[in-house]
Protein chains: 2
Amino acid sequence: MQKACFMNARATRNQIVEAADQLFYEQGFEHTSFSDIAETVQISRGNFYYHFKSKDEILDAVIGCRLANTRSMLEKWEADSARPGDRIQSFIRILIMNQTKIMLYGCPVGTLCAELGKLDHPSQANAEQLFDTFLDWLSRQFTLLGHDQGAKTLALHILARSQGVAMLANVYRDEAFIEREVRDMCSWLESLAGSEGLHDEENQRDVHRPS
Amino acid sequence: MQKACFMNARATRNQIVEAADQLFYEQGFEHTSFSDIAETVQISRGNFYYHFKSKDEILDAVIGCRLANTRSMLEKWEADSARPGDRIQSFIRILIMNQTKIMLYGCPVGTLCAELGKLDHPSQANAEQLFDTFLDWLSRQFTLLGHDQGAKTLALHILARSQGVAMLANVYRDEAFIEREVRDMCSWLESLAGSEGLHDEENQRDVHRPS
DNA sequence: GTCTATACCTGGATAGAC
DNA sequence: GTCTATCCAGGTATAGAC
């Protein structure tokens, strides 16, 4: 009996988080109301407060969920490829993998952080962890590639480029643009593999060397 | 008399647009209320409706204002530098020029388009014109540089990179990161000047050549 | 032109029946 | 656990005095 109830509670809780996750992505956090979520989950508005104390708490649950998904995705990429270069390529290729959604709604991480920033929302730091997770993982891969000095710089660089591509892909819905940029990032990556690495020093000149 | 009244009307109208412009940038469009604007302009909420029919109309006025400012900025850059390479550098260096605001609020163009996209707002296309303006201008400069085939591709590339830098600069507030990326974009630009140009063809390999 | 007052709605949140 | 009913704050928008 206890068990059954508990399972039901967890089930609807998960449904709420799942629906909120999607709606926050598609419509933004502030713009999605309890009514929106209630409609897709098919529960009453009042029922939310059995599972969560506030809307912000739902947001935190969503961020937690995304964090978990991200981590397992990164683990999978690590398991699937032995070579760090291939792993980084997996990262770059999410732009292709998720291109439909990215063209419609942008990057889920970037758009969330940007919105929470404008709202000056207390969960900003939480959302930032999503970026941190990618950043740390990428840094590790670049270190394994032999760039232990500039690993974080390189990670930030490729992360920024993906964000830029996602942003413009969302605005212009241009598939060819995405493919072109992904190809370019991949060849940048290949060119890196052969070089001796970059340093984090004050007067370092380039992140990569174009010709 | 008529004249004086008209001038007053225009004056407060401009104040409203100016205040809305800033607040939309800092807090986002949806998140800024009439009360917010009224407070900074020091007028009553009811008075808005003498100047605008709705909040959306204020938004359109703000976008129009930003468009005008953008165009005059681009004209100035064109007047200040004879060489297209230097003009493009002016574009890249807005990231430095406006770094304080960018670290606080992101890119005004990107964040607005992203928000209106999530809201599925009717003025999305209007806001997109801001990107178009930069894109067309950059394309022209790249054409002048001798890259008439891939000019738009290159314009999109550098625009995307700026967006990515602005995005991460906003999230991480990292000044050194901005400077590094700006340097990198500038050296990419220099490397382009010497090359023979890139084509828009289907199987074009790279947007730029790293090493 | 600008104000005050107010209508109307939707949002998040609470209370209590079942 | 879930519902209905309700509260209250805040938003946009309108009416009408000045």
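Letters A, B, ... are given to chains in the order of the sequence lines, protein chains preceding strands, and every chain is numbered from 1. Everything numeric in this text was worked out from a predicted model, so none of it was measured.
- Ring to ring, B:Y49 and B:F34 are close: their centroids are under 6.0 angstrom apart.
- Between B:R87 and B:D80, none of the side-chain N atoms (NZ, or NE/NH1/NH2) sits under 4.0 Å from a carboxylate O, so this pair counts as no salt bridge.
- For the pair A:T12 and D:dT2, the criterion of a side-chain N or O lying under 4.0 Å from OP1 or OP2 is met.
- The side chain of B:S33 places no N or O atom within less than 4.0 Å of a non-bridging phosphate oxygen (OP1 or OP2) of D:dG10.
- Regarding B:N8, its CG atom lies at a distance of 15 Å from the C1' atom of C:dC3, rounded to whole Å.
- For the 3.5 Å distance criterion, the side chains of A:H31 and A:D36 fail to qualify, holding no donor opposite an acceptor.
- A side-chain donor-acceptor contact under 3.5 Å links A:D132 and B:Y172.
- Between the CZ atom of A:R13 and the P atom of D:dT2 there is a distance of 13 Å, rounded to whole Å.
- Contact annotation: B:S35 side-chain N/O to D:dG11 OP1/OP2 distance is under 4.0 Å.
- Straight-line distance from the CZ atom of A:F34 to the P atom of D:dA5: 20 Å, rounded to whole Å.
- Between the CD atom of B:E30 and the C1' atom of D:dG10 there is a distance of 13 Å, given to the nearest Å.
- Neither side chain, A:Q22 nor A:E18, offers a donor N or O lying under 3.5 Å from an acceptor on the other.
- Residues A:T143 and A:D148 bring no donor and acceptor atom of their side chains to less than 3.5 Å of each other.
- One atom, CD1 of A:I58, and another, P of C:dA13, lie 8 Å apart when rounded to the nearest Å.
- Annotation: proximity of residues 43-55 of chain B to DNA chain C (heavy atom, distance under 4.0 Å) is found for B:I43, B:S44, B:G46, B:N47, B:Y50, B:H51, numbered in ascending order.
- Following rounding to the nearest Å, A:E39 (CD) and C:dG11 (P) show an atom-to-atom distance of 11 Å.
- One interatomic measurement links the two molecules: CG of B:D56 to C1' of D:dG11, which rounds to 14 Å at whole-angstrom precision.
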